[in-house]
Structures are given as structure tokens and as C-alpha cells.
Amino acid sequence: MLAAPWLCRSCAHSLRRSGVFVSLQLRKASTASQPLAGLPPVLLDRARKLAAEHKQLTKQLESEYEPTAAKRAGEISKVVAALQELDKAKAALDELNGLLESDDAELRQLANDDLDATKKHLETLGLNLSATLTPKHPFADMPCLIELHPGPGGTEGRHFADTLFRMYQKYCENKGYSARVISYQEAEDRTPGLDGEVPISEAILEVTDPGAFAAFRGEAGMHRVQRIPATEKQGRTHTSAVAVWVLPSFPENSTDAENDFNNPESDFYVDATEVKSEKMRASGAGGQHVNKTESAIRLTHIPTGIQVSMQDSRSQQQNRERAWRLLRSRIASLRREQREAQAKDLRDSVLSQSQMSRGDKIRTYNYQQDRCTDHRSGLDVHNLPNVLQGGEVLDKVINSVQSWLTAMDIRNLIAQEEAQARGAVGGSDKKKKGGK
Amino acid sequence: MPRIKPQLFWQGRKKLGLNAAKLLPVCRTLESTANELRWIKQHVAETPSIIPFGARVWKLCDRRGKGLPLAYVLGNQPFGDLEIKCRPGVLIPRTETESYTIHLSNILRRSLSSSKSESDQHQHQPLNIIDLCTGTGCIPLLIYSQLSRSLPFQSLNVVGVDISQKAINLSRQNLHHNLRAHRFPRPSSPGDKSHPQRSLHFHKADIFSPTSLDPILSTPSLSSTSSSSSSTGTGGEWDLLTSNPPYISPSGFALSTSRSVRNWEPKLALVPPVERVDLHQKHFYDHYYADNEILLQTVEYQEEDVFYARLLEIARTYRPKRVLMEVGDMEQAKRVVGMVLGDGKLRGFYFGSGEGTDGKEKGAGAGAVQIWRDDLVGFEGYEETLEVGVGVDGQKQTIVVKGHPEGHGRSVYLRRVGVVDDV
């Protein structure tokens, strides 16, 4: 209701028509809209299956300790706990429903009061369960590399890449992540842009905190900018794009076998014999004969054709290390993508919306309207300067994408379970590494 | 040398500013001009001075434009994770040297950490390392830095030797410079008896003069006063001998060196001096192969190889466990290998006595004679075999060549029979 005691009728009318009261609704994709009172049966089935597996595993572990089994048990114990909570809440609800049918009016009243709260609780528990069931991204715990590549279309995109680069740098500062610049290459053409932007041809930022990949993976994709560039004489708005890649980066000294790049099982393993190294100008005798300053390193991974080059540092050693890291990250993320594409056969069309390939436009920054829109979560925020300063508004956008990604993951999982249930006779191998 | 297109000067001026026009004749491409200009600016920004920024950049670009090597202009060169000071009169550390030095310290680290489990007493015995013709001291400094950090309890005794007083002064400065920047732990002082005894010394000596070199070579103990190592007896052995000697022939110096090397770097560090060649050649023929008349005629020995002859002579006398010598190219590497295999004694030490004729798949304790190419780090998997003709009766021996196949032959590595590399 209105707070004001009295309001002119026509004003009230126009207010209602302009939709001030309803405008607070955000077009947010969330799981809350799903009928959660009945958790999707497939998900519940899966939870029960996992609980059974957990029981068996614990029994097995009591008699004999085995690291892989213990790890697996640890992974699914969360699901089991959530399921138990849910079952408890359900039992409570049943009890309340029983009470509702009792003859005592006072008792009925009490049960009625409790019912809402219990239902709410049940809903959060259901959400909790589905969140624990959603697969953790295999690289979620890792640090990440954020790569910025301006799209085609001249200086404007390069200028904006610089802005994005600073945005992420400041965002990391604000959030307390430690970020370091791996590569920052100014383009040859050096016309200054808005607010002292420098056109860049490529920039790579490494966020070294573990778990950074999970925090930033939603940022991967095309970032579109709409504004009047500094170079524009006639005041026309231009649209350009910057591609952001988010790659997992392996920790410098990892103890985890999964992420150890010397382990051939790992995604980060690169066979050195498949890599061709070119020093950019490898001619002449070398050694004492020349004192070249070119420290550039270019590595080509022959089977995939992935090429990285590094020339930022004067030390060739440093360039080489960085180039190898970048190559490993790119290859790992390619492998992951390939596995996901394989797992895609199992899934429904739901997936196609969620899997953000590098080509899709994910976010628009509009300077004229002072607006930033994320096209996936559908969140519209104003106060663009704050976004570009990496402030709390950007945090809001990133969080909305995070929750959207979680929702998508859950939906994918459900779709996958359904597909598996249908194709159970087909006997598709579900225990594939990436297919989880 | 092809002419630089005037168009490049235009572009350089437009895109990178006036300084680019100064650098372009030396750098020759826009890309490397942009890099060098960036490094110069970085250097100026990092070192405070009362002279304005622009003026200093201009000055440095001017000097670089005259052909002075960048390392001399900026006064330093990164080497591994160290910063090595450079000054005219001392050879600038090369990236190839950096590459094999890192590989070498990896070998030492792995072989030590695998044998450590067997006996803890190993650590008390210092690892003795000597570098001859050390120049800026880059090799001993990098090995010291790598080993003191990866093997924190290992005693180390590292020595660098050079004939030039300038080089010795600079290498000592480099030690202090990197210590101030806390790039590696401080060597322990002579009176200090705490557990990991580390020392790093630079001595001035002519490696051709036995009187000045022998005192250094014959006491590979932590310090000459330390009695503990001499009492154990086995401590008196060199674990590693490295050297990056002058190896360019006078004609090669005139033809194949780049201009900034020829004009600005010390010839002493690049070309073996003629009088030394004459002197040693006589000595070499008299003593070295005196017992083998036939070999004298067949072994290929050129004047730029004179330092290797001397180094191998040292190896024959002191039998270091591992020897690494930088060479100019594959041909020179083969000649050096020929010198090793042609000498009965050296061959016995480092190649084994004939059971290794098939080259590959020898026992763990067998010695090794290897040629390393450029680009070893990251490409340890590459290996091929090479047949080298050995003087005696035209017999061929197979040895192992390591490193990326496109790299130049860069160093010759010898491992004594009975020493194990756990790679």
C-alpha cells in the first residue's frame, strides 16, 4: 500500500500505469520459479542413488582404506547430508499435515502457523540439495587467466579492451584477489581514447587465488560496447566488441595429481615432443657470436595448432615459462570443451543455451544510457562508471551471472539424468570423466 | 645486410615517437624497436634520477643507436631469475648459457635429492662447483641460486675463475647486487660453523698457468682453513666443472659475429689469443698426446679449440664428476668429443671402456659423453644419436645429442663413470 495518507486520484492513476510498483521485478532466471515443493523426481532419484552408493562406500572403507573410494565418499557425503535434512523436513511436514486433520481447533491453528515456515524451510533444503548435486566444475578451485582480445573493427574495440582490462584489475583489487599482469601489449596505432585509454592488441591478467576460475568463468564471452568513440567526429554511436577468455591456470606448485602438469592424465599435460618452439629470429650461429636482445618465444602445439607467443620480458627464461603456462592453460580448456561437446550428446537442448562459447555476446556496456546489461541473467544495471571501476555494481552483475550459471548447471544435470534414464538400455558410459 | 626501408622510419616515428628512428638501424624491425624502447623506458622509470625522464630515454636510445649492446646501455641483463650487471669489458651473458645452466642445476638437484635418501651425511659434504672463464659470474651465481633454494640443507662450495680483473670485480659486484635484492641466501662467513656451509668465491687466475690455477683447483674444500673436509678425504673432488671459454676463430670473429659483438664486447672473451694458441699447441703436442704418435696426425684440432684442450687437460688431472663446456656449433662440439674419445685416459673416465659401443641403453653407472643443443629446458624428451669419428683408426663412436633438433650444438657434457644422473 501507499505510504502517503492521501494522493490525488489522477496522480495515483498515472503512477500505477507507469509501473513504479512493478518495476522492481527483475527478469532474473532463478530456480525459485520452479515448483520446488516437488523437487524434480530425477534429481531426487539421483540423490537416493548417491546415498546408496555412499552407504556402500562407507561399508567398504570400514574394511579396507582406498584413497579413490575415500575421495568419492567425501564428494558425495554433502549430498547425503542434504538429503537427510530434506527427509527430516518432509517427515515434519507430514506430521503437520496429520495434525491439520485433528479435531482440536487449537492444535489445528498451531499446525497452520507452523506449516508455512516448514514449507519455506523445505524449499530452501530442496534448493540446497540441488546445489550440492550440481557438478562442481573440474577447474573450479584453480586460479585463472583472463585474456582480452579486441574484436575486429579497429581502434574502438582496442580502446575498450583497455577499459575492460582496468575494470578487472580494479575489481580484483576491490575483492582482494591478487592479480598480476602476464601480458599487456599496446597496439601499434597509439591514438588515445576516452579517459586516457590506450589501444591494446592483447592483455592477459592472472588471478592467482585458488577458486578464481569459479569466480570469473561467467565472464568469458563477447563483451559489447556501445558509445561514441573519441575518434568519432560526427557523434555517431559505434558498436564494437571485446572477446574475454577465461582459462584455468595451473597452480605453480600443485600437489593435486589431477592438476599436476607432469601427470599425463591431467588436462594440463602437454607432451613436449609435440611442441615446436621458435625463437622469433633463430638464425646465425648464436652463442657468443651474437648478443641479440630478442627474447620472444613462440610455441606451437602441433596436434591442435594452438600457438602462443610471449615477448614482454627481457628475460627469455621468463617469457618461456609464461608461454608454457599459457599454452597449457589453452590446451586444458580446449580439452575440457571437447569433453563437454562429447557429453553434449547425452543432454537435451537445454545445454545449448548454457554453454557459452567464445562467440556469443554476453554483456553490453552502453555509455549513452549509462547502462550495463548482462544478456544471460537479464540483469540491467545503471551507474556504468561504477561498473567500469570494478565497484559493487559490477559485483552485482557478476553474482547474477554466477547464480544463473548454477541454475543452468542444475537444469543441465536434470536434463542429463533424464536423457540417461531414457537411454539407460543404450548403456552409455556415464562415468566418463567430463560427463559428471 | 639488407637496407632498411625508409618507410619503416616513417612508421616508427609516427607510431613510437622520435626515439624509434634512433633505435631502428640497430633493431631493424619495428617490433623489436618497440620492445627495446619499452625496456629502456621501464629501466628509466625504475631507476630514480634528477635528470628528466625524456632526456634520459633520449640519451640511452642514442647510445643504443650507436650499436652499443642493450645490456651495456642498461647496465644489466636478466639471467634466470637473477639480474646480472654488465659493463663494457666483460662478456654479456647469453640466453643459451642460461638455458643449459638451468638444465645443469636441475640435473644436480635431482641426482642429489635421490641420493639423499640413502645417506644423510651427504649433505655435510659440500657440493664443489668450479666455473672457469666466468666473466660476469653468471653461471656460478645462477647455479648457486638454484641449488641453495632447491636444496636448502646442502653445503655448497662454488668458485668462479677468470683472467680479467674487470671480470672478477664485476662478478663480485654481481654477488653483492643479487644478495642485496635477496635473490639467494647469503654464503656463510668463514668463522660460522652452522650446518649448511655455503661459499661463493671469485678468483683471478690464468687457466693456462698451472702455478696460479693449481692452488685453486687442488683445494675444493669450503675454505682452505677448514679441517673437516680434508679429514674426510673424499670431500676433495670437484662435482662439476663448467666453462664458457672463448671459442671463436679469428676468421669467424671477422665474418660471423654480429656488429655489436665485434665492436663492443671484449675480444679476450671471444677469441683465443694467438700467442696462447702457439704456446699451448706446443705444450699440447708435447705432453697431451705424447704417448700416441698416430693420434697426433689424425685428431682434428683447430686454433679456436685451444681452451678445450686445456680444459680437458684439467679434467684429466682432476677428474671432476661432471664437465660442461660451451661450444660454438655442432662442428666444434664434434671436435671436442673427438678430443675426449681420442684420449685413452679421458675416454676411460667419461665414456667407459668399450662396453658402451652401442651408445644407448647403458647401465646407470656408465659414463656419458653428450652434446647438448640449444633449447633444452622444456624439451628434455628430445634425444638422438650421432656418430663421431675418433682418430685412432677411423673408428666411429655413437654418442647422444640432447635438445630440440633445430637448436645449434651448444655444449659438450661429460659425466664420469660411476656417477649417476637421475633424470
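Naming convention: chains lettered A, B, ... in sequence-line order (proteins, then strands); numbering from 1 in each chain. Being a predicted model, the structure only gives us computed values, none of them experimental.
- Heavy atoms only, all atoms of each residue included: A:Gln311 and B:Glu31 are closest at OE1-OE2, 3.4 Å.
- Minimum heavy-atom separation, A:Ser313 to B:Trp39: O-CZ2, 3.5 Å.
- Taking B:Leu91, B:Asp81, B:Asn35 one by one and counting their heavy-atom pairs under 4.5 Å with chain A, the maximum is reached by B:Asn35.
- To the nearest 0.5 Å, atom NZ of residue A:Lys292 and atom CD1 of residue B:Ile92 are 12.0 Å apart.
- Looking at B:Phe253, neither its backbone nor its side chain comes within 4.5 Å of chain A, counting heavy atoms on both sides.
- Counting non-hydrogen atoms of other residues, nucleotides and ligands closer than 6.0 Å to CG of A:Leu327 gives a total above 12.
- A distance of 5.5 Å separates CD in A:Gln288 from CD in B:Glu326, rounded to the nearest 0.5 Å.
- Neither the backbone nor the side chain of B:Asp329 comes within less than 4.5 Å of any heavy atom in chain A.
- For the residue pair A:Arg314 and B:Asn76, the shortest heavy atom distance occurs at NH2-O, 2.6 Å.
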Distance-only check: which donor-acceptor pairs under 3.5 Å involve side-chain atoms of residues 8-16 of chain B, not counting sequence neighbours?
from	atom 1	to	atom 2	distance (Å)
B:Lys15	NZ	A:Glu188	OE1	3.1

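- Ranked by heavy-atom pairs under 4.5 Å with chain A, the list B:Val261, B:Val327, B:Leu30, B:Leu74 is led by B:Val261.
- Under the ring pair (Phe, Tyr, Trp, His ring centres under 6.0 Å) criterion, A:Tyr177 pairs with A:Phe216, sequence neighbours left out.
- Looking at B:Leu270, both its backbone and its side chain come within 4.5 Å of chain A, counting heavy atoms on both sides.
- Minimum interatomic distance between A:Ser315 and B:Glu98 (heavy atoms only, all atoms of both residues): OG-OE2, 4.0 Å.
- Judged by distance alone, the side chain of B:Arg94 and the main-chain N or O of A:His289 form no donor-acceptor pair under 3.5 Å.
- Taking CZ of B:Arg64 as the reference point, atom OG1 of A:Thr293 lies at 5.0 Å (rounded to 0.5 Å).
- Remark: A:Arg320 CZ to B:Thr95 OG1 distance equals 7.5 Å, nearest 0.5 Å.
- With a 4.5 Å cut-off on non-hydrogen atoms, B:Arg38 touches chain A through its side chain but not through its backbone.
- Of the two parts of B:Asn244, the backbone and the side chain both hold a non-hydrogen atom closer than 4.5 Å to a non-hydrogen atom of chain A.
- With a threshold of 4.5 angstrom between heavy atoms, B:Ala71 approaches chain A through its backbone and through its side chain.
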